[in-house]
Amino acid sequence: MKLLETYILRRVGQMFLVALLPVLAIIWTTQVLQRVNLVTDSGQSMGSFAKLATLILPSIIPIVLPFALVIGVTQTLTTMNNDSELTVIDAAGAKRSIILRPILILAAVISIFSFLVDNVVEPKAKTGVRQMVAAAYADLLSTVIEEKNFRRIDTGLYVQISERLAGRVLKGLFVVDERDPAFELIYYAREGAVDEKGTSLIMHDGEVHRKTQTGEVSVIRFDSYSFDLSDLTQNRGQATLRASDRELAFLFNPDPNDKDYIARPGSYRAELHRRMTDWVLPMVFALISLAIAGDARSHREARLHPMVAALIFAFGIRWASFYAANQIDTDPEYIGVLYAIPVVASLLAIASLSHHKRLSVVSAMSDRISASWQRLSRRFGRSADPSAGGSA
């Protein structure tokens, strides 16, 4: 690689990282904060929460990478144009491949990395997340309920114990059941235990208070009472894997006996074609960025900032791909549309690069926005000028 190509690659790579890391950190933080309830509600340690946060990261990276590349390419080339570096390169008779080659190499590397993350790392990470969440709630009374603390183990169901002894024995039980809107049940028991299957809580020497909506209260004392936990435990500890959690080999050849595949076959088809197209977006966005900002232009030329124009194109393509992938779930005819979107966008960018012309849509949009801005500036400039009025 020539010295100038290395220089461009280094600058684009640095700007790419500058754009990637802050955005990735912000999105990652918002996703992690949504899982804080896993720590507060299930009594998990901060170590488990840190592991969960790490497993969330692979699902965010492929989304952010293409847009960070757009910012890196357009900002670098715009700065080089403002510093007259692109003009000097053209005046020296250098081939345009000196600018194109390092950026396309970087885009190809990012595309391959995105493919590996999306199809190898992310499915394993998502499976790990689901297994962690399922395991956190697998044994309600040993992981969720803490001594001398109220814990919500289901909507409208709260439990407190004063002491936990060996052999799954619980002392000082207090249970509030508000799941039935017709009445409220409050259980007190000196002692209790969970059966071996974890489906029942056996309470001894206690009483239950039943309060209706009209305010009537009835009290029943009992020597032994069985509180049913089967509705809460039958699905606990079992991680249900969705299409997005599956590896690429499974998507190509799904198990016909898989329960989730039987219930949602369209989601597996959509997920397969989404993965086959999403990983090429960094290369497509790099071509668009080069078509918009890859040539030398006069500083006096009024135009929309290349980064804004490129991001508008990138968001439009990403939205169209997302929409087409979602439609595949119910309408397989959108498969062709999903593959056509990056192909058509790439061909338009390549045609623009080969003819040394800006994309016509971007050019027209830039001209209109610039003309409107200039008219507004002149109008407000005249109204703010104190000498604009007539002579006294």
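Keep in mind that the numbers below use all heavy atoms, side chains included, and drop hydrogens, waters and symmetry copies.
With hydrogens and angles disregarded, no donor-acceptor distance shorter than 3.5 Å links the side chain of Arg318 to the backbone of Phe67. Checking side-chain atoms of Asp245 against main-chain N and O of Pro123 turns up no donor-acceptor pair under 3.5 Å. Panel note: side chain Thr277, backbone Arg274; a donor-acceptor pair is recorded below 3.5 Å. Checked by atom type and distance alone, the side chain of Asp258 pairs as donor or acceptor with a backbone atom of Tyr261 at under 3.5 Å. In this structure, Thr76 contributes its side chain and Gly72 its backbone to a donor-acceptor pair below 3.5 Å. With hydrogens and angles ignored, the 3.5 Å screen pairs no side-chain donor or acceptor of Trp279 with any backbone N or O of Asn119.
At a threshold of 4.5 Å between non-hydrogen side-chain atoms, the residues Leu77 and Ile292 do not count as touching. You'll find the side chain of Leu4 reaches within 4.5 Å of the side chain of Ile89, heavy atoms only. When side chains are defined from C-beta on, Ser224 counts as touching Ile202, because their heavy atoms get closer than 4.5 Å. The side-chain heavy atoms of Glu247 and Lys124, taken from C-beta on, include a pair separated by under 4.5 Å. Using a 4.5 Å cut-off on side-chain heavy atoms (C-beta onward), Ile71 and Met307 make contact.
Criterion: ILVMFWY side-chain heavy atoms under 4.5 Å apart, direct or through other members. Under it, Ile220 and Tyr225 are part of a common hydrophobic cluster. With hydrophobic clusters built from ILVMFWY side chains whose heavy atoms lie under 4.5 angstrom apart, Ile63 does not share a cluster with Ile61. Hydrophobic cluster membership is shared by Ile350 and Met283, with clusters built from Ile, Leu, Val, Met, Phe, Trp and Tyr side chains linked at under 4.5 angstrom. In the hydrophobic clustering of ILVMFWY residues, with side-chain heavy atoms under 4.5 Å counting as a link, Leu116 and Leu248 come out together.
For the atom pair OG of Ser111 and CG of Asp278, the computed distance is 11.0 Å after rounding to the nearest 0.5 Å. Atom CZ of Arg242 is separated from atom CD of Glu271 by 13.0 Å, given to the nearest 0.5 angstrom. Note that OG of Ser218 and CZ of Phe183 are 10.0 Å apart. Values are rounded to the nearest 0.5 Å. The CZ atom of Phe174 sits 12.5 Å away from atom OG of Ser162, with the distance rounded to the nearest 0.5 Å. Rounding to the nearest 0.5 Å places CZ of Arg269 at 14.5 Å from CZ of Arg264. For the atom pair CD1 (Ile262) and CG (Asp255), the distance works out to 8.0 Å, reported to the nearest 0.5 Å.
We find that Arg210 and Glu184 are not joined by a salt bridge, their nearest charged nitrogen and carboxylate oxygen being 4.0 Å or further apart. Between Glu191 and Lys171 there is a salt bridge, since at least one side-chain N of the basic residue sits less than 4.0 Å from a carboxylate O of the acidic one. We find that Arg221 and Asp205 are joined by a salt bridge, their nearest charged nitrogen and carboxylate oxygen being less than 4.0 Å apart.
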- request: Just do the side-chain contact (heavy atoms from CB on, under 4.5 Å) check on Tyr158 and Val175 with the steps written out, would you?
  value: CA-CA 6 Å; Tyr158 305 87; Val175 181; over 6 Å; no
message: Using the rule given for side-chain contact (heavy atoms from CB on, under 4.5 Å), can you reason through Met276 versus Tyr339, listing the C-alpha separation, both sets of side-chain angles and the distance that settles it, and then say yes or no?
response: CA-CA 9 Å; Met276 290 292 98; Tyr339 285 94; 3.3 Å; yes
- prompt: Given the rule in the side-chain contact (heavy atoms from CB on, under 4.5 Å) test, do Leu290 and Leu104 qualify, once you have shown the distances and angles that lead to the verdict?
  reply: CA-CA 9 Å; Leu290 286 168; Leu104 293 180; 3.9 Å; yes
- request: Determine, stepwise, if the pair Tyr268 / Asp260 fulfils side-chain hydrogen bond (donor to acceptor under 3.5 Å, both in side chains).
  value: CA-CA 9 Å; Tyr268 286 77; Asp260 190 65; 2.7 Å; yes
- request: Go through the steps for Phe115 and Val120 under the test side-chain contact (heavy atoms from CB on, under 4.5 Å), then give the verdict.
  value: CA-CA 8 Å; Phe115 178 84; Val120 179; 5.9 Å; no
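Partner of Trp319 under the ring pair (Phe, Tyr, Trp, His ring centres under 6.0 Å) criterion, chosen from Phe322, Phe315, Tyr323: Tyr323. In summary, of the residues considered (Ile103, Ile288, Leu106, Thr78), a side chain to side chain contact (heavy atoms under 4.5 Å, CB included) with Val73 occurs for Ile103 alone.
Using modelled atom types and a 3.5 Å distance limit, the side chains of His273 and Tyr334 yield no donor-acceptor pair.
Closest approach of Leu173 and Met203 over heavy atoms only: CD1-CG, 3.6 Å. For the residue pair Pro58 and Glu122, the shortest heavy atom distance occurs at O-OE1, 3.9 Å. In terms of heavy-atom proximity, Glu5 sits nearest to Ile98 at CG-O, 3.5 Å. The minimum heavy-atom distance linking Ser321 with Leu338 is given by the pair O-CD1, 3.4 Å. Closest approach of Ser114 to Leu65, counting heavy atoms only: CB-CD1, 4.2 Å. What you find for Phe285 and Ala314 is that their closest heavy atoms are CZ-O, 3.4 Å.
Phe222 and His204 have their aromatic ring centers separated by at least 6.0 angstrom.
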Please tabulate, for side-chain N and O atoms in residues 8-27, each donor-acceptor pair with protein atoms closer than 3.5 Å (sequence neighbours left out).
| unit_1 | atom_1 | unit_2 | atom_2 | d |
| --- | --- | --- | --- | --- |
| Arg11 | NH1 | Tyr7 | OH | 2.7 |
| Arg11 | NH1 | Glu85 | OE1 | 3.1 |

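More than 12 non-hydrogen atoms from other residues, nucleotides or ligands lie less than 6.0 angstrom from CG of Asp180.
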